[in-house]
2 protein chains.
Amino acid sequence: MKLWKIALIGLGSVGRGVAQVLKDNPQFIIIAAADSKSGVINPSGLDIEVLLAKKKTTGRCGDPKLSAARIAAEADYDILIEVTPTNSVTGEPALSTIKTALLRSKHVVTSNKGPVSLASAELLGIAEEKNVGFLFEGTVAGAVPILRGIKYGLAGNKITALYGVLNGTCNYILTRMEGEGLTYEQALAEARDLGYAEADPSSDINGTDAAIKLVILANTMLGMNVTLADVNQTGISGLTVAALHMANINGQSIRLIASLNPEKNTLEVSPRLLPKDNPLVVSGTLNAVTVETEYAGAITFIGRGAGSVETASAILADLLFITDKYDR
Amino acid sequence: MKLWKIALIGLGSVGRGVAQVLKDNPQFIIIAAADSKSGVINPSGLDIEVLLAKKKTTGRCGDPKLSAARIAAEADYDILIEVTPTNSVTGEPALSTIKTALLRSKHVVTSNKGPVSLASAELLGIAEEKNVGFLFEGTVAGAVPILRGIKYGLAGNKITALYGVLNGTCNYILTRMEGEGLTYEQALAEARDLGYAEADPSSDINGTDAAIKLVILANTMLGMNVTLADVNQTGISGLTVAALHMANINGQSIRLIASLNPEKNTLEVSPRLLPKDNPLVVSGTLNAVTVETEYAGAITFIGRGAGSVETASAILADLLFITDKYDR
């Protein structure tokens, strides 16, 4: 069995999930890790328990003088995993880290939406030129294998439209307003208490998070060339309990739907009325994507759109795709 | 662009769908075709329109002396597509046709459930030994990319359970009984009128068709080693409108669910009560499969489970997977 040497950049919730999952997969050894303040390298493999314990007790995983940038540029890894928080304006520092790794002919797996939404064409171009993998299943709909489902499961199909519930926080709030009659403010407070919404939930609530994922789908799966500015975007903060109640009386639900039409070149995120039996009317924090195709008709994928281990699952699938494809 | 030479065995509804779809994909040329009564070979490529017109007007595609078996054994193709009707008892004649092709180191793509449910281990073994592809996405849930979704999208995940609506005929009947209050007999008659049920619908109604697909999933995706006899099977013919009505009052629906638990080694097809917001409660002829996994949680795939062009879509995805993987 070939051993694959991993550099793990980011030790937040997703990074810790990745570390846990890799413990069960002995073909991978983590030879370097970094958080925002420090880094550590051990060519014969880091002890994952020790790494996570040190991070937990000291807030740092290693030496403050060893940065993620230096690890990306100098460490002897096969695959770099980038799971730091998304910066949707510049993509940094993840964008530079990823570019450094690809230019060194290293495989890269990421769940970071910033670099992929801003620069997928450039990064995929470098990966192709260097004959390495650049995979990012975890950027869209968490554990749901939507990218690979489209690319390999629906190969040869022209996609005529795509609709999705891509933000679990909004979906949780709408489900609770609809089901329990909570106000928007009450439902948001509950989502915060449960850890489904961040302290500043604005990028979820105003539709930006869903719009970023829509841009990734558009550019990497449908051959479009768009940016966040091309998405016509409306959030959920204006929705009232009365509107949801009225929809309910008519057998409908309101969901925040991200949609695109490749022929008209339109992208939109907005609250939409859907019949209750539409597969996109999922509950709680679930995500769902419907792809309308030429031959296969409409195909829907549903599952958990976020979470530490769920995102780690997408990253693991990407890793195994690379080890399968490039193990020569 | 490499030209891939196709032998198309079977010119029923699915075979005609495949021929239509291949017209739009010029990297494939059909160099041989067969129906149950005749066959035709043209090493420089058959004219698809002429082939389909001849089949339509005469009931035969070619020479009565040229059989599918001879084409499989002698024609100079790269990929054999087997789309004749399923024989779930012997798998023949498809099983022999497929084995002949694989033993000649030819790739095989099929939507025929017989050979795959009866002999997947043997056939996949030959394919591996000969280093060719043996793919059968179309055997389960039609256009829904459930096999590739599990294999590549959920790689590395342990599957702890699987549940699915795998028979569109039963689902149509149950949807109509529930929604319109039709009796079982009325709904079945309607399904027949619309072409959703065959003249003899017994293998749909008694759960056998769903059980065969469950066996394919168990053996090829979950590493089990089971046969149709291992499936605990109950059909839908005993269901009354009253039972569906009672379920409805309680916010539930009844669906014919195929399920398996790999740890307990149990397989079952039976009508089950589900909450209406369960993603498996799909309408009409749709199929749906939920896969419960260790890391990714529950992932659900929904789409059209049958149909000529829909099944052809799955076959096209298989073909493109082969051309991508083996084009060296």
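Below, chain A is the first sequence line, B the second, and so on; all start at residue 1.
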Region of A298(B) that comes under 4.5 Å of a non-hydrogen atom in chain A: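 Looking at A298(B), just its backbone touches chain A.
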
Heavy-atom pairs under 4.5 Å with chain A, option from G17(B), G307(B), G149(B), G153(B) with the top count: G153(B)

Top contributor to chain A interface from G303(B), A143(B), S313(B) [non-hydrogen pairs under 4.5 Å]: S313(B)

Side chain proximity check, P145(A) to I299(B), heavy atoms < 4.5 angstrom: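 Side-chain contact under 4.5 Å: yes.
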
Interatomic spacing from CD in E294(B) to CG in L316(A) - rounded to 0.5 Å: 9.5 Å

Residues in residues 155-167 of chain A near chain B [non-hydrogen atoms, under 4.5 Å]: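 The stretch touches chain B at A155(A), G156(A), N157(A).
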
Mutual orientation of the aromatic rings belonging to Y152(A) and F321(B) [parallel < 30°, tilted 30-60°, perpendicular > 60°]: perpendicular

Interchain contact, V282(A) with chain B, by part (heavy-atom threshold 4.5 Å):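 Answer is neither: V282(A) stays 4.5 Å or more from chain B.
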
Exceeds 12 heavy-atom contacts within 6.0 angstrom, atom CD of E128(A):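 Not more than 12 within 6.0 Å, no.
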
Top of V144(A), V21(A), L154(A), D277(A) for chain B proximity - count of heavy-atom pairs under 4.5 angstrom: V21(A)

